[in-house]
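Chain letters run A, B, ... following the sequence lines, proteins first, then strands; residues in each count from 1.
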There are 2 protein chains.
Amino acid sequence: MYVTAPGEFPVPVSLRSRKTKHDENFKVHDLKQDQHLFREGDDAKHIYEIVSGVLRLTRVLENGRRQVIAFGFPGDFVGFPCCGLHHTECDAITPARVVYHRREALEDGAVNPELHAVLLQAALREIRAMQDHFMMLGCKSAREKTASFLSVLAQRTGTKLGAYTEIKLPMSRSDIADFLGLTTETVCRTISQLRSAKVIALEDPHVIVVLKPEALLALAESD
Amino acid sequence: MYVTAPGEFPVPVSLRSRKTKHDENFKVHDLKQDQHLFREGDDAKHIYEIVSGVLRLTRVLENGRRQVIAFGFPGDFVGFPCCGLHHTECDAITPARVVYHRREALEDGAVNPELHAVLLQAALREIRAMQDHFMMLGCKSAREKTASFLSVLAQRTGTKLGAYTEIKLPMSRSDIADFLGLTTETVCRTISQLRSAKVIALEDPHVIVVLKPEALLALAESD
DNA sequence: CGGGACTTTGACACCTCTCAACTCTCGTGG
DNA sequence: CCACGAGAGTTGAGAGGTGTCAAAGTCCCG
């Protein structure tokens, strides 16, 4: 998941079973919290489709600085290989279930044409979503980034509570910070500001209620 | 082109003609400077392979802020579609020549298997390169960004002058700034600092000589 | 020769980072 | 049962990097 334009979220595997029925190597795997799915430099044997739970894709520089490339939510695909290798770390920040798809299904259209098409479209959506995320990292202020992040999360994973929307944040403040190109302190402060402005409320640090969705969206794109 | 790890640059079409000989829709097109190749929202009929010249991929937010997604150099592919549409602007910052590849060649493996594989690998490299660029935008300071940018450009397009390397910068300062998530003024100042430190020299604003490549690389990754 | 776009430099403001302290929760062990 | 420590989150003070605004310089081209 990137902070991307709304309205084009992927369809979980469960909703398009017809498309995957021909995958003879269809295989489900469960991950415990904090368990790794793959690491940077690993041979890429599979592409993974997330059924449930939340994954985290990260890269680290030599000097230790870390970037969270993306969060993987149900319906997302992770692990697109380059030159046969994974180039990010991937681990589960909640218990999670993924479907394995053989890399050959992506790279060779003859193996399983239907699955091939699904994986290819997922890769193209990935490119599009990463372009969206460039706008975040390159153009936006801390407040805009944080508001965008919460706004997208509300639309993608929020649960309605009457006029409000409740967001469960499975990731830590420092995950959010490394995703948005900020520090944990700045993320905390910005969330506190949004709370002071009555745009959101905090049930606890990992459960946020969006009180004014339209105000949140406005802050996400304000000049 | 993103500011990416060195040593894995694409191979220009001219060097792998065998791989494209089966593309029955192989078509060359020339672009004048400042001419558009496609715009955001256009129907994506083709993917483009750059033969010569330099292209610029951009996105703009509602409030006018701009992000340069990538620069396209010879050997790069641009125009990967999502949902059949282009999601960036693309124009030529120098006179350029591109090869058209029909979108179907990417999306349907049966049309031309060899070309399909080439385009697919290009898309996967694109994902990898964008991940690299996230590190730039999210983790690095202005000096590190600028040094990285010049360093990569030197390796990718530089011409050797004895111990030195000359870089031609076809893009404006504001293009560089929008690519790196900075302002033109900051890019200028940072380049001036590098010049003061005798790491680079400026023949003119668009021709830079790298005097100390190892120092430039060190600045690109310094803590 | 003059106008315009681009580049460079300076002064200043302010946003974000850094460093630090405090709180809170939770799990461990005495 | 309580003490203790570890880790995450929050908040504050201060510094510094980068953005903003302004002006001058450079170059190209009409």
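For B:Y48 and B:H101, the gap between ring centers reaches or exceeds 6.0 Å.
Within residues 193-204 of chain B, the residues having any heavy atom closer than 4.0 Å to DNA chain C are, in order of number, B:R195, B:L202. The stretch residues 170-179 of chain B has no heavy atom under 4.0 Å from DNA chain D, so no residue of it qualifies as close.
B:T88 places none of its side-chain heavy atoms less than 4.5 Å from the side chain of B:T58. A heavy-atom distance below 4.5 Å is found between the side chains of B:K140 and A:L61. Annotation: side chain of B:M130 is in contact with side chain of A:I127 (closest heavy-atom distance under 4.5 Å).
With 3.5 Å as the limit, one finds a donor-acceptor pair spanning the side chains of B:T183 and B:T186. If you check the side chains of B:Q131 and B:Y2, you find no donor sitting under 3.5 Å from an acceptor.
Side-chain N or O atoms of A:H86 include none that pairs as donor or acceptor with a backbone N or O of A:D42 at under 3.5 Å. Looking at A:D43, its side chain never comes within 3.5 Å of a backbone N or O of A:K45 through a donor-acceptor pair. A donor-acceptor pair is defined here as one N or O able to donate and one able to accept, closer than 3.5 Å; such a pair exists between the side chain of B:R59 and the backbone of B:H87. Checking side-chain atoms of A:E89 against main-chain N and O of A:E40 turns up a donor-acceptor pair under 3.5 Å.
For C:dC6, neither phosphate oxygen OP1 nor OP2 lies less than 4.0 angstrom from any side-chain nitrogen or oxygen of B:H206.
Atom CD in A:Q33 sits roughly 14 Å away from atom P in C:dC26 (whole-Å rounding). One can place CD of B:E185 at 11 Å from P of C:dT8, the figure rounded to the nearest angstrom.
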Do any N or O atoms of the protein come closer than 3.5 Å to N or O atoms of nucleotides 16-18 of chain D, and which pairs are they?
from   : atom 1 : to     : atom 2 : distance (Å)
D:dT18 : OP1    : B:A142 : N      : 2.8

Show the atom names and distances, to 0.1 Å, of all donor-acceptor pairs under 3.5 Å that link a side chain in residues 157-165 of chain A to residues at least two apart or in another chain.
from   : atom 1 : to     : atom 2 : distance (Å)
A:T157 : OG1    : A:L153 : O      : 3.0

With a cut-off of 3.5 Å and sequence neighbours excluded, list every side-chain donor-acceptor pair involving residues 172-182 of chain A.
from   : atom 1 : to     : atom 2 : distance (Å)
A:S172 : OG     : A:S174 : N      : 3.4
A:S172 : OG     : A:D175 : N      : 3.1
A:S172 : OG     : A:D175 : OD2    : 3.4
A:R173 : NH1    : A:P205 : O      : 2.9
A:R173 : NH2    : A:P205 : O      : 2.7
A:D175 : OD1    : A:R56  : NH1    : 3.0
A:D175 : OD1    : A:R66  : NH1    : 3.3
A:D175 : OD1    : A:R66  : NH2    : 2.8
A:D175 : OD2    : A:R56  : NH1    : 3.0
A:D175 : OD2    : A:S172 : N      : 3.4
A:D178 : OD2    : A:R66  : NE     : 2.7
A:D178 : OD2    : A:R66  : NH2    : 2.9

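B:R65 has a carboxylate O that lies under 4.0 Å from a charged side-chain N of A:E144, or vice versa, which qualifies the two as a salt bridge.
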Base-contact (B) and sugar-phosphate-only (S) positions in nucleotides 25-30 of chain D, heavy-atom cut-off under 4.0 Å, - elsewhere:
------
